[in-house]
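In what follows, a structure is listed as structure tokens, so that the remarks can point back to it.
One-based numbering along the sequence shown. Note that these values count all heavy atoms, side chains included, but never hydrogens, waters or copies made by symmetry. One-based numbering, in listed order, for ligands and for the atoms of each.
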Amino acid sequence: MTGAERGRGRWWRPRSLRTQLLLWLITLHVFAAVLTAWFSFLAYGNLVHNALDDQMRLVAESYAGGDQMKTPRQMDGETAFSRGSFVVQIWSADGATLRASSWSALSVPLQPHAGFSDVSTGAHAQSNWRVFTAEPGPRADQPRVQVLQNEDYRRRRALRRALLEGLPIALLLPVALLILWLIVSAASRSLRAVARDVASQDERSPTELSLARVPDEIAPLVGAFNNLLARVRSAFATQRRFVQDAAHELRTPMAAIGLQIENLRAHVPAGEATERFNQLEAGVTRAQHLIEQLLHLSRQDAPAQRSAAGERVDIEVLLRESVSQLMVLADARRVDIGFEGRTAAVVVFAPAAELRSVFDNLIDNALRYAPEGGVVDVRLHTVDGHAVVDVLDNGPGIPQAAMGRVFDRFFRVPGAAAGGSGLGLAIARTAAERHGLRIELRNRDDGPGLMARVHLPVLPA
Ligand SMILES: Nc1ncnc2c1ncn2[C@@H]1O[C@H](COP(=O)(O)OP(=O)(O)O)[C@@H](O)[C@H]1O
Ligand SMILES: [Mg+2]
């Protein structure tokens with residue numbers, strides 16, 4: 001599945017683990033910060049409130065206590081609001097007249113009840129005041145004292161403190177996000193490494209994935225995958241063994257049948273029987289060829305084959321051998337096969353048998369699909385400075401639609417001349433790819449026929 005097919009998930013449940021974790025972390029931090037601030041606002045607010053109340057009472061008592069009433073120190077409204085300074089009022093004994101006040105502009109009357117009260121006044125843009133009204137003195141003519149403090153100042157102070165408490169958590173958020181991001185990145189890096197491991201697996205002999213750099217949480221997945229790989233591997237091995245055994249077991253009786261047919265030939269009466277007999281013989285030859293190809297294929301699939309030792313192979317010598325060995329087939333079909341090599345030696349490092357299977361299969365095809373009496377050319381030359389081998393025939397070529405499939409196992413172009421198994425090109429390509437060769441098939445543009453070109457990885461001289 002590609003990322004686009006999977007979609008991004010709903011916004012509150014994103015597909016990405018990282019985004020999910022980030023969202024949760026942000027929510028959690030914001031929640032914790034708000035909660036801390038709220039608690040501190042309540043707790044600290046309470047503390048400040050009580051402490052300031054006590055101070056107010058002390059100030060009031062300090063004024064009321066002496067016989068000689070002090071005059072409160074003058075201040076401006078600004079100090080009352082911004083610094084929370086106490087405003088002291090001295091009232092006449094009956095509470096009717098304000099004798100003195102540290103800020104006379106404040107119009108809060110003497111409260112009827114002694115003690116603490118909260119008063120709101122419309123003047124000064126709706127301000128709230130905490131008020132302490134002292135008890136009346138023992139003498140009837142004693143002046144009354146009242147102390148006031150701006151309530152908003154108190155709330156502001158608690159709020160500032162609360163915000164300060166929440167700040168560390170808010171500051172921690174980016175750090176936590178960064179750490180989380182790094183951890184998740186590292187984890188997804190190791191996941192990507194595992195994915196790369198999986199991607200680079202050879203489907204015919206998958207190897208175990210390393211658990212070394214995998215996080216513990218993902219280890220079970222990788223373990224299970226390794227388990228699956230082991231089973232796939234053993235299934236492949238079983239299948240390969242079966243094909244190999246079956247082909248091997250079929251070879252002997254087939255060879256025997258071939259011999260019997262040869263012996264029978266002398267006894268076949270002329271006429272229709274000969275025609276039938278020839279068909280029978282061709283069928284047996286074809287079966288023998290198929291068995292050989294199957295055997296070859298199963299050997300090619302075996303992992304041990306991978307380590308087949310390479311050697312320095314002179315391609316010209318190899319091609320001459322291949323052509324001369326296939327001369328029998330060319331003669332049978334009266335095909336004119338020619339080899340053209342350039343003078344400079346071309347050397348490839350690979351097992352000779354594997355290289356032979358590449359060229360044998362291509363030349364075999366050319367000889368089979370060229371018409372009776374046709375022409376096949378094998379050329380070793382350079383194109384754009386690179387060494388190539390061209391195998392050209394004058395057969396029907398391959399329809400463009402089938403071009404992409406001719407390398408598939410058992411695929412034969414519908415209507416192709418009888419005698420093939422559909423395995424030749426698959427075998428050739430596997431061998432070629434394993435040793436850095438590349439096969440390119442192209443219909444000739446200078447007439448009918450196919451050109452099979454093999455690009456060679458030439459060793460530096
Ligand atoms: N030189 C060629 N000319 C025309 N068709 C070819 C040629 N080589 C291969 N093909 C087509 O590709 C198919 C696959 O080739 P191959 O894998 O060698 O199997 P086969 O055993 O049939 O030759 C053949 O069946 C044939 O249809
Ligand atoms: Mg073939």
Does ligand 1 have any N/O pairs with the protein under 3.5 Å, and how far apart?
from: ligand 1; atom 1: 1 (N); to: D393; atom 2: OD2; distance (Å): 2.8
from: ligand 1; atom 1: 8 (N); to: N365; atom 2: ND2; distance (Å): 3.3
from: ligand 1; atom 1: 17 (O); to: G424; atom 2: N; distance (Å): 3.3
from: ligand 1; atom 1: 17 (O); to: L425; atom 2: N; distance (Å): 2.8
from: ligand 1; atom 1: 18 (O); to: N365; atom 2: OD1; distance (Å): 3.0
from: ligand 1; atom 1: 18 (O); to: N365; atom 2: ND2; distance (Å): 2.8
from: ligand 1; atom 1: 18 (O); to: L425; atom 2: N; distance (Å): 3.4
from: ligand 1; atom 1: 19 (O); to: G422; atom 2: N; distance (Å): 3.2
from: ligand 1; atom 1: 21 (O); to: S421; atom 2: N; distance (Å): 2.6
from: ligand 1; atom 1: 21 (O); to: G422; atom 2: N; distance (Å): 2.8
from: ligand 1; atom 1: 22 (O); to: Y369; atom 2: OH; distance (Å): 3.0
from: ligand 1; atom 1: 22 (O); to: R412; atom 2: NE; distance (Å): 2.5
from: ligand 1; atom 1: 22 (O); to: R412; atom 2: NH2; distance (Å): 3.3
from: ligand 1; atom 1: 22 (O); to: G422; atom 2: N; distance (Å): 3.4
from: ligand 1; atom 1: 23 (O); to: N365; atom 2: OD1; distance (Å): 3.0
from: ligand 1; atom 1: 23 (O); to: Y369; atom 2: OH; distance (Å): 2.8
from: ligand 1; atom 1: 25 (O); to: Y369; atom 2: OH; distance (Å): 3.3
from: ligand 1; atom 1: 25 (O); to: R412; atom 2: NE; distance (Å): 3.3
from: ligand 1; atom 1: 27 (O); to: V413; atom 2: N; distance (Å): 3.2

Does W129 reach the side chain of Q149, with side-chain heavy atoms less than 4.5 Å apart?
-> no
Any residue meeting ring-ring contact (aromatic ring centres under 6.0 Å, His included) with F39, in chain and number order, not counting sequence neighbours = none
R429 charged N/C atom sitting above F407 aromatic ring, 6.0 Å / 45° = yes
Are D364 and R368 within salt-bridge range, i.e. N to O under 4.0 Å?
-> yes
Side-chain heavy-atom pair F41, R161 within 4.5 angstrom cut-off = no
Side-chain contact, heavy-atom cut-off 4.5 Å: L380 with L456?
-> yes
Closer than 2.8 Å to the Mg ion (ligand 2), which protein N, O or S atoms?
-> N365 OD1
Under a 4.5 Å cut-off applied to non-hydrogen side-chain atoms, are R356 and L318 in contact?
-> yes
Kindly state each residue pair satisfying salt bridge (charged side-chain N to carboxylate O under 4.0 Å, His left out) with at least one member in residues 241-263, sequence neighbours excluded.
-> R251-E292
Check whether any side-chain heavy atom of V347 sits under 4.5 Å from a side-chain heavy atom of I315, and report yes or no.
-> no
